[in-house]
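Here's the structure we're looking at; comments come further down.
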Amino acid sequence: MTFSSSGRRAAVIGSGFGGLAAAIRLQAAGVPTTIFEKRERIGGRAYQFVERGYVFDMGPSLITAPQVINSVFQAAGKELSDYLDLVPLDPFYRVHFHDGTSLEYVGDPERMKSQMEAFNPRDAERLDDFLAAIKPIYQAVITDRLGSRPFDTIKSMIGFAPKVLALRAYEPVTRFVRRYFEDWRHRFLYSFHPLFLGGNPFEAPSIYLMIPYLEREGGVWFTRGGMYSVVEAMGRLFQELGGEIRTESEVERVTERGGRVTGVETLGEFHPADIVVSNADVAHTYSHLLADSDRRRWTDRRLRGVEQSMSCFLLYLGVRRRYPQLAHHTLILTERYEGLVKDIFRRKVLTEDFSMYLHAPTRTDESMAPPGCESLYVLVPVPNLASGTDWSEAGPVLKERVLDVLEEWGLEDLRSSLDVLRMFTPEDFHHELNATLGNAFGVEPRLTQTAWFRPHNRSEELQGLYLVGAGTHPGAGVPGVILSAEATYGCIAADHGLDPQPDIDEPGRVAIADIAAS
Ligand SMILES: Cc1cc2nc3c(=O)[nH]c(=O)nc-3n(C[C@H](O)[C@H](O)[C@H](O)COP(=O)(O)OP(=O)(O)OC[C@H]3O[C@@H](n4cnc5c(N)ncnc54)[C@H](O)[C@@H]3O)c2cc1C
């Protein structure tokens, strides 16, 4: 094992997008870095499997804010376009409501207005006002970098609070949206985005309204070969920089001496490191990888009080035919919105009715399935394992229900055309990814778990221990976890005297000085 000339060496636990981005930044800064990944391949929730010629991205499917992904490549002196071609999607997604009406969600406000006029002309008139109201939220998170700075001091929070108050970004998303739109379809369309990050639109603060603006500004994209191409490109970049990836290497312990990390242990093997970045689930990191005696703040009691995000039930379907009525991204909604969300998040019960998101990547990239076939994935939001659901029983039942509903909805002969059928349940999130309570999106994004109130990028428990990914600031989503790597790198750079690195489109502005001063 080599050490850098300054003697520093880093270990990154987990290879989700956040772990990969942090590892690239560290390696690019001259710190020899090893990624330790539990599973056979890198990617975390963005895993991919191929069966009988059908290619399935298992998690993220929408690429938004490509400039955020590019910032990691720029940190290493490269460009994303050196590795990948991105394809813009139009529409971003198609939304089918329970009453048979539908909307094509696009970035162009004029095209949105012309569709909205059919349901409520006043709403169409107010779209510009709504976009003007959420623009400063987007600017605060992206342009002013609230999303890529660590919130690990009270001082950082004091700077954040006035902005949040001025923008009313503390209000629940649905309340903010109700002020602009009357029609229930429009209220859904502009408020549901927190669900993409495991948040409850009726409780998540309006800071998450930066997402519709981010989609409008930056578009929704796909890349040939699927989301996993982005994972592979980041893995390749990391290895080109000299980084080491060890798969099937579950970390069992973060070791320490005198309150400072000394390395990690995998299956009893010790790997020295003086910087350890955990991309694993936050509660798993603190409760399983640190000794009880190393924890003052993140005790088991405190971790039990952290609200974990909802989970997902996923079906991967390889189908010997095409369904042209599906867009690349399609939402098929049941009648209930607030009640269903409450059942998932608060009552934590699995209900008879459900809404679905469908991914049909062959719409854009023929190579994702054999000729004339579809590789579909169906995502149903469900409660996390706090529901007590036995998924060995509930999974097969829900699978049949989903297939029934899809056939009734219009996917004819779906069952009889299946070549591939795989399920992924909250139990799989728990066992495969060490996700506490089988959460799909880490710590739930709610006001009391946002910014300073979220687990910090710089751990309070051990010197040299940092967190990155969906459980820390700013939160889930591919752009979110890549921004978290920027925030985490800023902490490490301040603590270990590393060089500044490019952040989004602005070289040399990772918030190092701010941290050092705080
Ligand atoms: C079904 C689904 C659909 C989504 N769709 C989108 C989308 O369209 N667009 C979008 O932007 N976002 C989407 N998201 C959210 C996004 O995918 C995630 O927020 C993001 O990928 C999580 O990245 P992460 O850095 O937190 O790491 P994760 O992906 O959570 O990876 C963590 C890694 O750590 C590993 N690990 C855990 N414990 C250990 C250990 N002890 N030792 C070694 N390794 C360990 C795990 O195996 C895993 O590989 C989706 C999420 C899901 C679940």
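Predicted, not measured: the structure shown is a model, and the values here were computed from it. All ligand and atom numbering here is 1-based and tracks the order in the structure. Side chains included, hydrogens not; waters and symmetry mates left out as well; all remaining heavy atoms used.
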Proximal candidate to atom 19 (O) of ligand 1 [heavy atom criterion; set Ala470, Gly198, Gly477, Gly18]: Gly477

Minimum non-hydrogen distance to atom 48 (C) of ligand 1, winning option of Arg41, Glu37, Lys38: Glu37

Residue and atom name of the nearest protein heavy atom (relative to atom 22 (C) of ligand 1), distance in Å to one decimal: Val481 CG1, 4.0 Å

Check: Val251 N/O within less than 3.5 Å of ligand 1 N/O: yes

Candidates Cys491, Pro150, Ser278, Ser459 - the one meeting side-chain contact (heavy atoms from CB on, under 4.5 Å) with Tyr466: Cys491

Short N or O distance, Leu62 and ligand 1, threshold 3.5 Å exclusive: yes

Any side-chain donor near an acceptor of the partner, Thr330 and His96, under 3.5 Å: no

Minimum-distance protein heavy atom relative to atom 38 (N) of ligand 1: Asn434 ND2, 2.9 Å

Greater than 12 external heavy atoms within 6.0 Å of Arg302's CZ: yes

Contact list for residues 205-214, test side-chain hydrogen bond (donor to acceptor under 3.5 Å, both in side chains), sequence neighbours left out: none

Region of Tyr47 engaging ligand 1 - heavy atom pairs below 4.0 Å: neither

Test of ring centre spacing under 6.0 Å for Tyr138 and His193: no

Per-atom contacts of ligand 1 with Ala476, taking only distances under 4.0 Å to non-hydrogen atoms: 19 (O)

Flag, side chain of Ser484 to backbone of Gly469, donor-acceptor distance under 3.5 Å: yes

Numbered atoms and elements of ligand 1 in range of Arg39, under 4.0 angstrom, heavy atoms: 47 (O)

Residue part near ligand 1, for Tyr377, under 4.0 Å between non-hydrogen atoms: side chain

Any Phe429 heavy atom less than 4.0 Å to ligand 1: yes

Ser61 heavy atom under 4.0 Å from ligand 1: yes

Nitrogen or oxygen atoms of Arg45 and ligand 1 under 3.5 Å apart: yes

Nearest non-hydrogen protein atom, atom 6 (C) of ligand 1: Pro60 CA, 3.2 Å

Short side-chain to backbone donor-acceptor contact, Asn384 and Asn439, under 3.5 Å: no

Any residue meeting ring pair (Phe, Tyr, Trp, His ring centres under 6.0 Å) with Trp298, in chain and number order, not counting sequence neighbours: Tyr286

Atom 11 (O) of ligand 1: the protein heavy-atom neighbour that sits closest, reported with distance to 0.1 Å: Val478 N, 2.8 Å

Ligand 1-proximal atoms of Ile63, by part, heavy-atom distance under 4.0 Å: neither

Proximal ligand 1 atoms for Ser249, defined as those under 4.0 Å from one of its heavy atoms: 43 (C)

Test: Arg297 and Glu461 ion pair at under 4.0 Å: no

Atom 51 (C) of ligand 1 - nearest protein heavy atom and its distance: Phe441 CE2, 3.4 Å

Nearest protein heavy atom with distance in Å, relative to atom 21 (O) of ligand 1: Phe17 CD1, 4.0 Å

Arg9-Thr34 side chain donor-acceptor pair, cut-off 3.5 Å: yes

Residue selection (non-hydrogen contact nearest atom 1 (C) of ligand 1) among Val468, Leu433, Leu379: Leu379

Part of Asn279 within contact of ligand 1 (heavy atoms, under 4.0 Å): both

Ligand 1 to Gly469 polar contact by distance, N or O atoms, under 3.5 Å: no

Gap separating the CG atom of Asp428 from the CZ atom of Phe313, nearest 0.5 angstrom: 10.0 Å

Ala435, portion touching ligand 1 at heavy-atom distance under 4.0 Å: neither

Element-labelled atoms of ligand 1 that are located less than 4.0 Å from some non-hydrogen atom of Gly44: 29 (O), 31 (O), 48 (C), 49 (O)

His284, portion touching ligand 1 at heavy-atom distance under 4.0 Å: side chain

Close-contact set for ligand 1 against Pro479 heavy atoms, below 4.0 Å: 11 (O)

Residue that, paired with Ile13, satisfies side-chain contact (heavy atoms from CB on, under 4.5 Å) out of Val264, Leu467, Val468: Val264

Glu240 vs Arg236, salt bridge (charged side-chain N to carboxylate O under 4.0 Å, His left out): CA-CA, chis, key distance, verdict: CA-CA 6 Å; Glu240 284 167 3; Arg236 185 148 63 89; 3.6 Å; yes

Option whose closest heavy atom lies nearest to atom 3 (C) of ligand 1, chosen from Ala440, Ala21, Gly59: Gly59

Proximity of Phe151 and Phe453 rings by center, below 6.0 Å: no

No-hydrogen, no-angle side-chain donor-acceptor test under 3.5 Å, Thr362 and Glu374: yes

Within-shell test, Ser484 vs ligand 1, heavy atom, strictly < 4.0 Å: no

Aromatic plane relationship, His359 with Tyr357 - under 30° parallel, 30 to 60° tilted, over 60° perpendicular: parallel

His430 side chain to Pro426 backbone, donor-acceptor under 3.5 Å: no

Output field: ring centroids Tyr316/Phe49 closer than 6.0 Å: yes

Per-atom contacts of ligand 1 with Phe36, taking only distances under 4.0 Å to non-hydrogen atoms: 43 (C), 44 (N)

Where ligand 1 meets Glu250 - atom numbers and elements under 4.0 angstrom, heavy-atom basis: 40 (C), 41 (N), 42 (N), 43 (C)

Shortest protein heavy-atom distance from atom 34 (O) of ligand 1, along with the residue and atom involved: Gly14 CA, 3.3 Å

Contact atoms of ligand 1, heavy-atom distance to Ile13 under 4.0 Å: 40 (C), 42 (N), 43 (C)

